[in-house]
Amino acid sequence: MKKMTIEDKLFLVKNNVDHDHPHIKITGDEKDLKKGLEAMTYACPANCYTLEGGAVKFAYENCLECGTCRIFCDEFNNLEWNYPRGSFGISYRCG
Amino acid sequence: MADEQMKFDVVIVGGGLAGLSAAIKLAEAKFEVLVIERGEYSGAKNVMGGVLYRSPTEQIIPEFWKTAPLERNITETRVWMLTEKAATTFGYKNNDSTNNSFTVLRAKFDQWLAGIAEKKGATVLTGNTVLDVIRSNEGKIIGVKTDAPDGDVYADVVIAADGVNSMLSKKIGLHKEIKKDQVALAVKEVITLPQKVIEDRFNLTGNNGATIEFMGAISKGMVGVGFIYTNKDSLSLGMGCLASDFAKFKIKPYELLEEIKEHPAIAPLIEGGEVKEYMAHLIPEGGYKSIPPLVTDGMLVCGDAAMLVNGIHREGSNMAMISGKLAAETIIRAREYKEYSLRTLSYYKQLLSESFVFSDLKKYKDTMSYMEHNRQFMNIYPEIISDAMNEMITVDGVTKRQKEWKILFNTLSKRNPFGLLKDAFGIGRRMI
């Protein structure tokens with residue numbers, strides 16, 4: 001089977017992005033990598049967290065709403081995590 | 001003003017297996033029920049492997065198999081221990097053991113279940129996210145706030161069936177945040193293949209199906225289990241590992257999935273398939289010790305939100321449905337007392353502890369953390385077994401007695417006698 005990138009995979013997910021309302025925000029220091037953020041550059045299954053120039057950049061648009069980042073960052077209080085507004089976000093067709 | 005309040009007997013947060021099971025039972029008992037689901041439809045946000053069990057489902061909907069969107073009837077269960085190149089396999093196949101479990105795709109199944117709930121008289125409101133509870137002056141939960149305009153809904157009882165993340169029970173302080181070693185992060189793909197190809201590759205007849213669970217070198221030392229389940233014309237392939245392990249081992253879940261697909265035992269099964277969907281979800285694997293308080297004044301917690309998953313036996317859907325049913329029974333009994341208080345609702349905990357749910361979760365309460373601290377079960381033992389198998393099947397003139405010695409020396413070079421004894425005792429104590 002042909003290798004798939006994460007972009008290939010995310011392309012397959014139906015996602016009604018709530019453009020003006022990010023449901024997750026980094027509220028702490030994006031350069032403080034130890035506080036769960038660097039860990040998310042590995043653990044996030046949608047690659048929403050990437051390292052750029054010593055800081056973690058976060059993009060919520062591809063989020064699969066799994067909750068892993070909230071759990072990782074909970075003790076550091078540097079993430080604001082909500083569900084997307086009703087009917088926004090992902091809609092799995094198989095699940 | 002009071003006349004304009006939207007009021008139901010019971011409001012259920014989350015239209016998944018737990019919530020809809022409760023809704024069906026309550027609607028049958030003539031309660032006015034509202035299910036609030038944040039997805040575009042029931043199942044839109046839901047993922048499981050996914051094996052659905054007959055017995056609990058039948059307790060919610062008798063003869064569900066006549067109309068439910070089931071994929072395949074599981075008649076074969078396989079377990080694979082993988083090394084990088086090899087697989088030691090174990091399985092049980094019995095074409096007479098039909099109707100014990102079925103594979104399902106949750107987006108389809110949950111929509112069907114929501115339809116049943118509606119037919120029974122429940123109202124299912126989709127596309128609305130519940131933000132918080134509403135409390136009386138005395139602190140009792142009397143409803144929920146949703147993100148719809150004028151979205152306050154009142155109820156005698158609220159059921160939180162809002163899944164593993166259960167923002168509601170966290171918001172009200174009932175449940176502290178889950179720890180990162182109490183959840184597995186699972187990624188999964190649905191891979192389409194022609195029905196005939198699946199039946200040939202898995203040696204299946206009719207709508208019978210097979211499940212494969214695999215573990216070993218493939219998780220690279222992480223504590224986790226992978227799976228391939230046969231659907232009608234697709235395969236569900238995925239892997240769940242302790243969420244904390246992905247960070248500890250610096251492994252990206254979607255890259256792991258790609259490596260799994262290349263394993264020599266797995267690649268031929270999926271060859272030529274087309275990936276239809278990719279998904280990720282958390283599985284509450286914290287077990288008995290991680291169960292939050294399940295009852296508060298005016299609210300009950302069910303399913304994944306209550307951390308009711310038996311990870312050792314891949315059981316979760318059954319516990320979700322049964323907890324939903326028991327929550328409904330609790331509320332039906334509370335109506336007889338004309339009192340929806342902490343006192344009457346606490347009966348839910350009693351019902352759960354009398355059922356298989358608490359009993360099974362107690363039995364395996366230490367298994368996950370034991371595995372986390374004894375990773376030899378994930379990497380060393382599959383290798384030892386594979387080496388032994390390879391030695392024994394290789395015909396090369398070496399006598400069988402000599403081969404036995406070779407196997408023993410190889411085993412002892414990987415794990416000393418004390419370690420072997422400790423492991424045998426340790427795993428035995430936590431599994432049996």
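Chain identifiers are assigned alphabetically (A, B, ...) following the order of the sequence lines, protein sequences preceding nucleic acid strands; residue numbering begins at 1 within each chain. What's counted below: heavy atoms across the whole structure, side chains too, no hydrogens, waters or symmetry copies.
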**Report entry** Spatial distance of atom CG (B:Leu282) from atom SG (A:Cys66) [nearest 0.5 Å]
**Finding:** 5.0 Å

**Report entry** Residue among B:Gly272, B:Ala247, B:Gly43, B:Gly39 with most heavy-atom pairs under 4.5 Å to chain A
**Finding:** B:Ala247

Requested in this report: Give, as side chain, backbone, both or neither, the part of B:Asn128 having an atom under 4.5 angstrom from any heavy atom of chain A.
Outcome: backbone

Report task. Output, in order, the C-alpha distance, side-chain angles, deciding distance and verdict of side chain to side chain contact (heavy atoms under 4.5 Å, CB included) for B:Asp147 and A:Tyr83. Result -> CA-CA 11 Å; B:Asp147 63 355; A:Tyr83 288 130; over 6 Å; no

Report summary line: One option among B:Gln182, B:Glu274, B:His281, B:Glu262 has the most heavy-atom pairs under 4.5 Å with chain A, and it is B:Glu262

Query raised in the report: Where does B:Val190 contact chain A at under 4.5 Å (heavy atoms): side chain, backbone, both or neither?
Result: side chain

Query raised in the report: Which region of B:Ile191, side chain (C-beta onward) or backbone (N, CA, C, O), has a non-hydrogen atom less than 4.5 Å from a non-hydrogen atom of chain A, or is it both or neither?
Result: side chain

Report summary line: In this structure, CD of A:Glu7 is separated from OH of B:Tyr254 (nearest 0.5 Å) by 8.0 Å

Query raised in the report: What distance separates A:Cys94 SG from B:Lys188 NZ, expressed to the nearest 0.5 Å?
Result: 7.5 Å

Query raised in the report: Between B:Thr126, B:Leu131, B:Val275, which residue shows the highest count of heavy-atom pairs closer than 4.5 Å to chain A?
Result: B:Val275

Query raised in the report: Which region of B:Lys276, side chain (C-beta onward) or backbone (N, CA, C, O), has a non-hydrogen atom less than 4.5 Å from a non-hydrogen atom of chain A, or is it both or neither?
Result: both

Query raised in the report: Are B:Asn165 and A:Arg70 side-chain neighbours, meaning at least one heavy-atom pair lies under 4.5 Å?
Result: yes

Report summary line: Answer key: most heavy-atom pairs under 4.5 Å with chain A among B:Glu255, B:Gln111, B:Glu258 is B:Glu258

Query raised in the report: Side chain, backbone, both or neither: which part of B:Leu257 has a non-hydrogen atom closer than 4.5 Å to chain A?
Result: side chain

Report summary line: So, the part of B:Ser166 with a heavy atom under 4.5 Å from chain A: the answer is backbone

Report summary line: When rounded to the nearest 0.5 Å, the distance separating CD1 of B:Ile178 from OG1 of A:Thr68 is 9.5 Å

Query raised in the report: Do you know which of B:Lys45, B:Lys108, B:Lys180, B:Lys252 has the most heavy-atom pairs with chain A at a distance under 4.5 angstrom?
Result: B:Lys45

Requested in this report: Below 4.5 Å from any heavy atom of chain B, which atoms of A:Phe88 appear? Answer side chain, backbone, both or neither.
Outcome: backbone

**Report entry** Heavy-atom neighbours of B:Lys261 NZ exceed 12 at 6.0 Å
**Finding:** yes

Report summary line: Okay, B:Ile270 and chain A: the region with an atom under 4.5 Å from a heavy atom over there is both

**Report entry** A:Phe11 atom CZ: more than 12 heavy-atom contacts under 6.0 Å
**Finding:** no

Query - Contacting region of A:Thr5 [heavy-atom separation from chain B under 4.5 Å] - result: neither

Query raised in the report: Between A:Lys2, A:Met4, A:Lys3, which residue shows the highest count of heavy-atom pairs closer than 4.5 Å to chain B?
Result: A:Met4

Query raised in the report: Contact part of B:Ala267 toward chain A, heavy-atom cut-off under 4.5 Å: side chain, backbone, both or neither?
Result: neither

Requested in this report: Could you have a look at A:Pro45, A:Gly67, A:Ala46 and say which one has the most heavy-atom pairs with chain B under 4.5 angstrom?
Outcome: A:Pro45

Query raised in the report: Between A:Ile71, A:Val13, A:Leu10, which residue shows the highest count of heavy-atom pairs closer than 4.5 Å to chain B?
Result: A:Ile71

Report task. Look at B:Glu271, B:Glu189, B:Lys248, B:Glu37 and state which one has the largest set of heavy-atom pairs under 4.5 Å with chain A. Result -> B:Glu189

Report task. Considering non-hydrogen atoms only, spot the tightest contact between B:Phe246 and A:Tyr42 and give its length. Result -> O-CB, 3.9 Å

Query raised in the report: Looking only at heavy atoms, what is the nearest atom pair of A:Arg85 and B:Thr129, with distance?
Result: C-OG1, 3.6 Å

Report summary line: A:Tyr92 and B:Asn46 have their tightest heavy-atom pair at CD1-O, 4.0 Å

Query - From A:Glu38 atom CD to B:Lys250 atom NZ, the distance as rounded to the nearest 0.5 Å - result: 5.0 Å

Report summary line: Okay, B:Lys171 and chain A: the region with an atom under 4.5 Å from a heavy atom over there is neither

Query raised in the report: Any sub-3.5 Å donor-acceptor pair from B:Glu277's side-chain atoms to A:Gly95's backbone N or O?
Result: yes

Requested in this report: Sort A:Asp8 into side chain, backbone, both or neither according to what part of it lies under 4.5 angstrom from a heavy atom of chain B.
Outcome: neither

Report task. Examine whether an atom of B:Phe249 lies under 4.5 Å from a heavy atom of chain A, and if so say whether it belongs to the side chain, the backbone or both; otherwise answer neither. Result -> neither

